[in-house]
There are 2 protein chains.
Amino acid sequence: MGDIAKKAGRPINPEAGEALRSAALRLVREEGYEKVSISAIVKEAGVARQTLYNRWDTKAELVLEAVFEETARQAAPPTDDRDLPYARLLADFLQRIFAHLERDGDTMRALIAAAQQDPSFGNAFHQKFVAPREAMVTDLLRRAQAAGQLDPARDADLLSQLIHGALWYRLLNDKPVDADFACQVVAEVFRTEMSSGN
Amino acid sequence: MGDIAKKAGRPINPEAGEALRSAALRLVREEGYEKVSISAIVKEAGVARQTLYNRWDTKAELVLEAVFEETARQAAPPTDDRDLPYARLLADFLQRIFAHLERDGDTMRALIAAAQQDPSFGNAFHQKFVAPREAMVTDLLRRAQAAGQLDPARDADLLSQLIHGALWYRLLNDKPVDADFACQVVAEVFRTEMSSGN
DNA sequence: TTACATAATAGACTGCCGTCCATCTATCAA
DNA sequence: TTGATAGATGGACGGCAGTCTATTATGTAA
């Protein structure tokens, strides 16, 4: 019953897709997104050109999927079950994102750029990557408001956009995106509440 | 004496450069940055391919210069000589930028993307476009602090990055960047000072 | 078995990019 | 006038993208 209805025709070869994902990730990390050509990926994976295009429309979609396999866990939503103040939870969450950027920041820059040039990929990128992270921060801020740690009059959506915006702005302008910056942002967001008990 | 020392050799033809700038601007506005090829620009301008490469290294540099001619005035630093509150000056400045984005926002998105893919253009873009605007906002915030309209303990650099980051974030994610948003951002930045007289 | 459907492959094809080259043209200096 | 310098031009070139086609491989259903 767990079986998926089998289709007619030759079945897809999972190894080809896996070879393409891992080849893409390896090449992109070694040489940088821009320098890796589609031709190089299929050559490295040992499959035909068309086999890549059967699965993905663009290099960006392939690389997004390849990076996502490794990083989905690292962007897990901030846990809520302990008694830590929300300012601290936000700082931890941002630092986890930033740690990931140390490895794949250049690739993420390239994917953000690709999202501007290809509306179709832009939609996929926003849906799979941008929106979930924005929602995580918005939710966290709302819970902070419910817990009395953030003024309920503040606009959580706007704050989330300011936070992510600052992150993107620094990433796209080659400025360090590190734990220190995370603390600065959190301090600014929770500024007026910092005096009272955390 | 005002003459620039004349060099040997055939002088540069200013008309060729002007034809390339205006052809590039017209094509990019009509068809969108991505769809305009270098070949199409030189064809439209009626010059040889190499003539373009004699002046610019990439399409991005040409388009940046072409757009800049028209928009430099619109991004003039916020005036300071009147008695308006700084919150109002910041809102006016942001709205002027946003008005420009209504016309060339798609092109700016494309240039931001190009800056990620080409480090050399990234430097030029940052120097000619990003840094000046960031400095304008930072200066304005510092003057607001000096005038007692913004808490001097706040980090003006960080605030400027939050503001521009939010702008970029919305631009790059296809969300409206309008006067309404400008007011929201300003209200958040000047939040704690709004109760006192503006 | 046979018919059918779909994946995988190799290769051809067009279009654009960025570079290179030979040639022509415009200006200055001697 | 002559030679040197440098911009402008058209054309050629190799590399990659994305599409297409013919062929082969691998499965299901009758």
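Predicted, not measured: the structure shown is a model, and the values here were computed from it. By convention in this document, chain letters (A, B, ...) are assigned in the order of the sequence lines, proteins followed by strands, and residues within each chain are numbered from 1.
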C:dA26 phosphate, OP1 or OP2, under 4.0 Å from B:N13 side-chain N/O: no
Value in whole Å for how far the C1' atom of D:dG7 lies from CZ of B:R10: 5 Å
N/O (side chain, A:R55) to phosphate O (OP1/OP2, C:dA8) under 4.0 Å: yes
5' precedence on DNA chain D between B:A16 and B:G9 (nearest-nucleotide basis): B:G9
Charged N-O contact under 4.0 Å between B:D139 and B:R143: no
Step-by-step salt bridge (charged side-chain N to carboxylate O under 4.0 Å, His left out) determination, B:R29 to B:D104: CA-CA 7 Å; B:R29 280 181 174 161; B:D104 287 318; 3.0 Å; yes
Quiz item: A:R49 side-chain donor-acceptor pair to D:dG18 base, under 3.5 Å: yes
Phosphate contact (D:dA17 OP1 or OP2) by A:S39 side-chain N/O below 4.0 Å: yes
Approximate separation, where rounding is to 0.5 Å, of B:L150 CG and B:L159 CG: 6.5 Å
Toward the 5' end of DNA chain C, by each residue's nearest nucleotide, A:A8 or B:Q50: A:A8
A:K175/B:E134 salt bridge by N-O under 4.0 Å criterion: yes
D:dT9 OP1/OP2 closer than 4.0 Å to side-chain N/O of B:T51: yes
